[in-house]
Amino acid sequence: MATKRKSDDSTASSASKKPAPFWKNGLKTSMEDPELVVYKDDKITVIKDKYPKARNCVYIYIQAKYHFLVMPKENIPNLKSLTGSHIDLLKYMQRKGKEQADSADETLQFRLGYHAVPSMSHLHLHVISQDFDSLSLKTKKHWNSFTTDYFVDSEEIIDQLEEDGKVSLNTATFQELLKKNLKCHVCKKDFSTMPALKTHIKQHNYRRK
DNA sequence: GTTCTAGAAC
DNA sequence: GTTCTAGAAC
């Protein structure tokens with residue numbers, strides 16, 4: 001007997017429809033949150049990542065760690081939606097992202113790039129300091145999404161658009177990258193657990209050369 | 001994206 | 001016994 005869960009009320013229009021996960025649109029909400037917004041103009045909004053994978057706070061004796069997201073005002077769901085017409089916008093996002101990094105700490109190493117297969121809807125450029133010293137960075141997926149080729153540099157996306165007029169990424173290939181063994185992004189040493197890796201990476205220096 | 005937690009790994 | 005990972009979430 002097909003025992004389907006009884007729907008509570010008449011509000012559900014169709015039982016076969018997917019519920020469309022509410023959290024996917026979290027970035028649109030964050031763009032309106034004054035606690036998170038650090039910059040805004042007619043083209044873009046820059047916010048602090050709500051769960052920064054590098055620290056956003058300044059600690060005494062410890063260099064500051066940062067994780068920002070640059071998002072276009074225009075509704076662009078993901079990298080696949082991009083065309084040649086977006087090149088100027090992406091260059092602008094990258095320039096403003098760099099400005100944000102410099103104003104946060106111009107002595108600290110940053111990378112600017114996109115997740116090949118992001119969880120959240122709405123195009124967002126990660127601007128993240130390379131210390132990765134954060135309580136919110138907990139899982140292998142977190143780690144590999146920022147330290148393997150899953151993290152695609154902003155320049156590379158812009159190059160692809162200029163050459164092909166589109167961004168082509170093989171989703172299945174990138175999903176595999178998230179399962180790779182843990183490896184220090186600086187000295188390439190292997191680690192068997194996240195806590196061991198997180199202790200290790202504190203020993204490296206993340207100042208710009 | 002996060003939270004929660006069963007059970008694997010140690 | 002504790003630490004840690006990985007999969008479900010209606």
Side-chain angles (χ1 to χ4, degrees), chain A residues 1-38 44-57 65-72 75-81 93 97 111-129 132-152 154 157 169 171-172 174-185 189-202:
Chain A
M1 206 169 282
T3 54
K4 244 183 184 174
R5 177 185 278 263
K6 227 194 251 177
S7 73
D8 287 324
D9 218 51
S10 56
T11 49
S13 54
S14 162
S16 61
K17 257 185 195 166
K18 279 186 198 168
F22 64 94
W23 52 264
K24 283 229 174 217
N25 289 318
L27 291 179
K28 292 187 180 71
T29 311
S30 295
M31 283 171 77
E32 307 299 325
D33 187 343
E35 292 285 317
L36 296 176
V37 173
V38 294
I44 61 167
T45 301
V46 183
I47 66 168
K48 290 180 281 189
D49 192 292
K50 203 169 181 178
Y51 299 90
K53 302 305 181 288
R55 233 188 279 135
N56 271 357
C57 312
K65 328 292 165 114
Y66 302 93
H67 186 184
F68 304 105
L69 304 177
V70 183
M71 294 177 286
N75 191 359
I76 305 172
N78 51 53
L79 293 171
K80 285 177 181 168
S81 320
M93 287 168 64
R111 276 185 80 187
L112 287 76
Y114 299 87
H115 281 158
V117 189
S119 299
M120 306 289 274
S121 185
H122 203 100
L123 188 71
H124 51 288
L125 170 65
H126 290 272
V127 178
I128 185 163
S129 59
F132 298 119
D133 185 5
S134 163
L135 293 175
S136 296
L137 198 159
K138 296 171 180 170
T139 67
K140 176 184 274 193
K141 181 177 176 177
H142 287 152
W143 182 254
N144 284 337
S145 76
F146 286 104
T147 60
T148 69
D149 288 342
Y150 192 94
F151 190 87
V152 187
S154 175
I157 296 296
L169 301 167
T171 302
F174 284 108
Q175 296 292 9
E176 283 307 303
L177 291 177
L178 296 179
K179 297 174 190 167
K180 285 179 73 169
N181 288 339
L182 300 172
K183 193 180 275 289
C184 172
H185 60 315
K189 189 172 190 280
D190 288 304
F191 288 88
S192 53
T193 68
M194 279 302 295
L197 172 63
K198 292 188 69 175
T199 300
H200 166 82
I201 60 175
K202 287 177 205 253

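Proteins come first, then strands; the chains are lettered A, B, ... in the order of their sequence lines, and each starts at number 1.
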Provide a list of protein-nucleic acid N or O atom pairs under 3.5 angstrom, restricted to nucleotides 1-3 of chain B.
{"unit_1": "B:dG1", "atom_1": "OP1", "unit_2": "A:His115", "atom_2": "ND1", "d": "3.3"}
{"unit_1": "B:dG1", "atom_1": "N1", "unit_2": "A:Trp23", "atom_2": "NE1", "d": "3.3"}
{"unit_1": "B:dT2", "atom_1": "OP1", "unit_2": "A:Lys53", "atom_2": "NZ", "d": "3.0"}
{"unit_1": "B:dT2", "atom_1": "OP2", "unit_2": "A:His142", "atom_2": "NE2", "d": "2.7"}

Task: By ring pair (Phe, Tyr, Trp, His ring centres under 6.0 Å) - contacts of A:Phe146 (at least two apart) - done: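 So A:Phe146 forms a ring pair (Phe, Tyr, Trp, His ring centres under 6.0 Å) with A:His67, A:His115, A:His126, A:Phe151.
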Open item on the list: List the residues meeting ring pair (Phe, Tyr, Trp, His ring centres under 6.0 Å) with A:His142, not counting sequence neighbours, and say none if there are none.
Closed with: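 For A:His142 there are no ring pair (Phe, Tyr, Trp, His ring centres under 6.0 Å) partners, ignoring immediate neighbours.
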Which residues pass the side chain to side chain contact (heavy atoms under 4.5 Å, CB included) test with [X], sequence neighbours left out?
X	answer
A:Thr199	none
A:Thr45	A:Met31, A:Val37, A:Lys40, A:Ile47
A:Ser81	A:Ile76, A:Pro77, A:Asn78

Considering only distance and modelled atom types, tabulate donor-acceptor pairs under 3.5 Å from the side chains of residues 117-125 of chain A, sequence neighbours left out.
{"unit_1": "A:His122", "atom_1": "NE2", "unit_2": "A:Pro72", "atom_2": "O", "d": "2.9"}
{"unit_1": "A:His124", "atom_1": "ND1", "unit_2": "A:His122", "atom_2": "O", "d": "2.8"}

TODO: Report the relative orientation of the aromatic rings in A:Phe191 and A:His200; use parallel for angles under 30°, tilted for 30 to 60°, perpendicular for over 60°.
DONE: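 Correct class here is tilted.
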- [ ] Just call it for A:Pro21: base, sugar-phosphate, or nothing, with non-hydrogen atoms closer than 4.0 Å on any strand.
- [x]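 Since no nucleic acid heavy atom lies under 4.0 Å of A:Pro21, the category is nothing.
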Sort me out a list of protein N/O and nucleotides 4-7 of chain B N/O pairs below 3.5 Å, or just none if empty.
none

Task: Selection residues 111-123 of chain A - residue pairs positive for salt bridge (charged side-chain N to carboxylate O under 4.0 Å, His left out), sequence neighbours left out - done: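 Listed by first then second residue: A:Arg111-A:Asp153.
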Task: side chain to side chain donor-acceptor pair (under 3.5 Å) involving A:His185 - partner list, sequence neighbours excluded - done: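 Side chain to side chain donor-acceptor pair (under 3.5 Å) check on A:His185 returns nothing, list empty.
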- [ ] Sequence neighbours left out, what passes side chain to side chain donor-acceptor pair (under 3.5 Å) with A:Lys28? Give chain and number order.
- [x]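 Expected list: A:Asn25.
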Open item on the list: Show me, range against range, the stems involving DNA chain B, built from at least 3 consecutive Watson-Crick or G-U pairs below 3.5 Å.
Closed with: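 Stems found: B:2-10 with C:1-9.
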